[in-house]
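Below, chains carry the letters A, B, ... as their sequence lines are ordered, and counting in each starts from 1. Owing to the predicted nature of the structure, the values given are computational and were not obtained by experimental measurement.
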Amino acid sequence: MDPVRSEFIPDPSSSREEMETLQRTVADEAIFADEFPFDPATVSMANTLTATTGDSPIVVGIDQAFLDERAVGAVVALRDGEVVERASAAVDCEFPYIPGLLSFREAGAIVAALRNLDAEPDLAVFDGSGRIHYREAGLATHLGVVFDLPSIGVAKSLLCGTPQGSLDGRSEGARVAIDADEDVEGVEGTIGYALQTRQYDSGNRHINPVYVSPGHRVGPETATDLVEQLCDGYKLPEPTRLADSHAATAKGEFGEQARNDGS
DNA sequence: GCGACAG
DNA sequence: ATCTTGTCGC
């Protein structure tokens, strides 16, 4: 697939001021409410070949891996829990990791990988934040707008915002609203949810929740519902887990390729 | 100056 | 994210 708003593709060579301005522009373009054509109830990991009437939405999981000075973007497309396509791409790293500016480091490889994808996704699940961001323009939001694709951000830790309740030891399925705080520019109210996707039945140790936030064209509640539906016994949703492992194998292949070219 | 900080 | 063995607890 190709970008719809290529003028918004993060440019690693721009100034920090320009980067932040672009993020505010992207946030203005983003829609943090349900505005997509498919029925969210039809998104699942159950590939019940019989129960499904018509076409289920295609969900893509997107993740990254790094190799020396290169970033590897990986995409795995799923329909009813079945992998229908995988794509990847490696590009040179042109920008360091800076909290709040992750898109400028990772977007290049992700855009390249998505360009290599033949399938036409209905929903994208990113590894990182969406609206839970200083300028409401985390990776999931930024790329969701660039491709005008409904998207969701799933992060393993919280960038900003304040949980409206205790997060530790919650039982499976529990969700705690994350509200905007002074770190989030010009916003108030719920910008995402901490979702307990998995929990030990009992014992001393507990599992941390994941932080779900709207990327583009999805509201916080639906985004959380969708992530829950995409989980299958593990802390992270399947699209993310599959993209993660695909990124690892792709990294190995690109590394091997580089090794051959150099000797 | 100190603390916080997606991947 | 990445460098890494064993190990404690589900």
Side-chain angles (χ1 to χ4, degrees), chain A residues 10 12 16 19-20 23 26-27 30 61-75 88 90-111 113 124-144 151-163 167 169 171-172 178 180-185 191-216 223 227 233-237 240-241 243-252 254-255:
Chain A
R16 178 148 186 165
M19 292 178 176
E20 297 186 353
Q23 292 184 323
V26 166
I62 300 175
D63 195 26
Q64 295 270 99
F66 292 87
L67 200 55
D68 291 321
E69 295 297 278
R70 289 197 301 169
V72 176
V75 180
S88 63
V91 305
D92 292 324
C93 286
E94 301 174 58
F95 195 71
Y97 166 65
I98 296 175
L101 297 177
L102 184 65
S103 300
F104 294 87
R105 174 173 175 76
E106 308 203 331
I110 293 174
V111 169
V125 178
F126 287 87
D127 193 30
S129 295
R131 195 183 188 186
I132 294 181
H133 179 273
Y134 308 126
R135 292 165 291 279
E136 300 179 276
L139 184 67
T141 296
H142 203 135
L143 292 181
S151 62
I152 298 171
V154 177
K156 294 182 286 295
S157 57
L158 193 58
L159 176 63
C160 58
T162 305
L167 295 183
S171 51
E172 217 163 278
I178 303 297
D181 57 19
E182 58 281 356
D183 291 336
V184 185
E185 285 184 11
I191 54 176
Y193 283 92
L195 172 66
Q196 197 68 51
T197 54
R198 191 189 169 190
Q199 189 55 282
Y200 294 136
D201 300 314
S202 62
N204 319 308
R205 298 197 323 186
H206 61 78
I207 297 173
N208 294 137
V210 293
Y211 302 90
V212 180
S213 59
H216 180 46
V227 169
Y234 295 89
K235 170 176 173 173
L236 297 175
T240 300
R241 299 184 65 241
D244 200 88
S245 64
H246 184 233
T249 51
K251 168 180 170 173
F254 283 118

Response to the item:
D183(A) CG to dA6(B) P, in whole Å, measures 12 Å
Worksheet item: OP1 or OP2 of dA1(C) less than 4.0 angstrom from a side-chain nitrogen or oxygen of K156(A), does that happen here?
Response: yes
Fill in: Between dC5(B) (P) and L158(A) (CG): distance, integer Å
8 Å
Discussion item. Could you tell me how far apart D127(A) (CG) and dT2(C) (P) are, to the nearest whole angstrom?
Written reply: 10 Å
Worksheet item: Roughly how many Å is it from CD in E69(A) to C1' in dA1(C), rounded to a whole number?
Response: 13 Å
Fill in: Atom-to-atom span, CD of E106(A) to P of dA6(B) - whole angstrom
12 Å
Worksheet item: Does Y97(A) put a side-chain nitrogen or oxygen below 4.0 Å from OP1 or OP2 of dA6(B)?
Response: yes
Discussion item. Below the 4.0 Å mark, does dG7(B) have OP1 or OP2 next to a side-chain nitrogen or oxygen of S157(A)?
Written reply: yes
Fill in: Minimal non-hydrogen separation, R131(A) against T141(A), with atom names
N-OG1, 3.4 Å
Item to complete: Give the rounded distance in Å between these two atoms: CZ of R198(A) and P of dG9(C).
Response: 17 Å
Discussion item. Main chain of A74(A), side chain of Q64(A): is a donor-acceptor contact present, judged purely on distance under 3.5 Å?
Written reply: no
Worksheet entry | Residue met sooner reading DNA chain C from 5', once F66(A) and Y200(A) are mapped to nucleotides | F66(A)
Worksheet item: When we call it a touch if two heavy atoms are under 4.0 Å apart, what does I62(A) touch: a base, just sugar-phosphate, or nothing?
Response: nothing
Worksheet item: Would you say the side chain of K156(A) lies within less than 4.5 Å of the side chain of L236(A), judging by non-hydrogen atoms?
Response: yes
Discussion item. Give me the atom names and distance for the closest heavy-atom approach of S213(A) to I191(A).
Written reply: CB-O, 3.4 Å
Worksheet item: What is the nucleic acid contact for G100(A), judged by heavy atoms within less than 4.0 Å: base, sugar-phosphate only, or nothing?
Response: base
Discussion item. Could you tell me if R105(A) sits above the aromatic ring of F66(A), with its cationic atom closer than 6.0 Å to the ring centre and no more than 45 degrees from the axis?
Written reply: yes
Item to complete: Select from D201(A) and L67(A) the residue whose nearest nucleotide in DNA chain C is closer to the 5' end of that strand.
Response: L67(A)
Discussion item. Mind checking if A71(A) touches a base, just sugar-phosphate, or nothing, with heavy atoms under 4.0 Å?
Written reply: nothing
Worksheet item: Could you give the CD1-to-P distance, from I98(A) to dA6(B), as a whole number of Å?
Response: 13 Å
Worksheet item: Which whole-number value in Å describes the distance from D244(A) CG to dA6(B) P?
Response: 17 Å
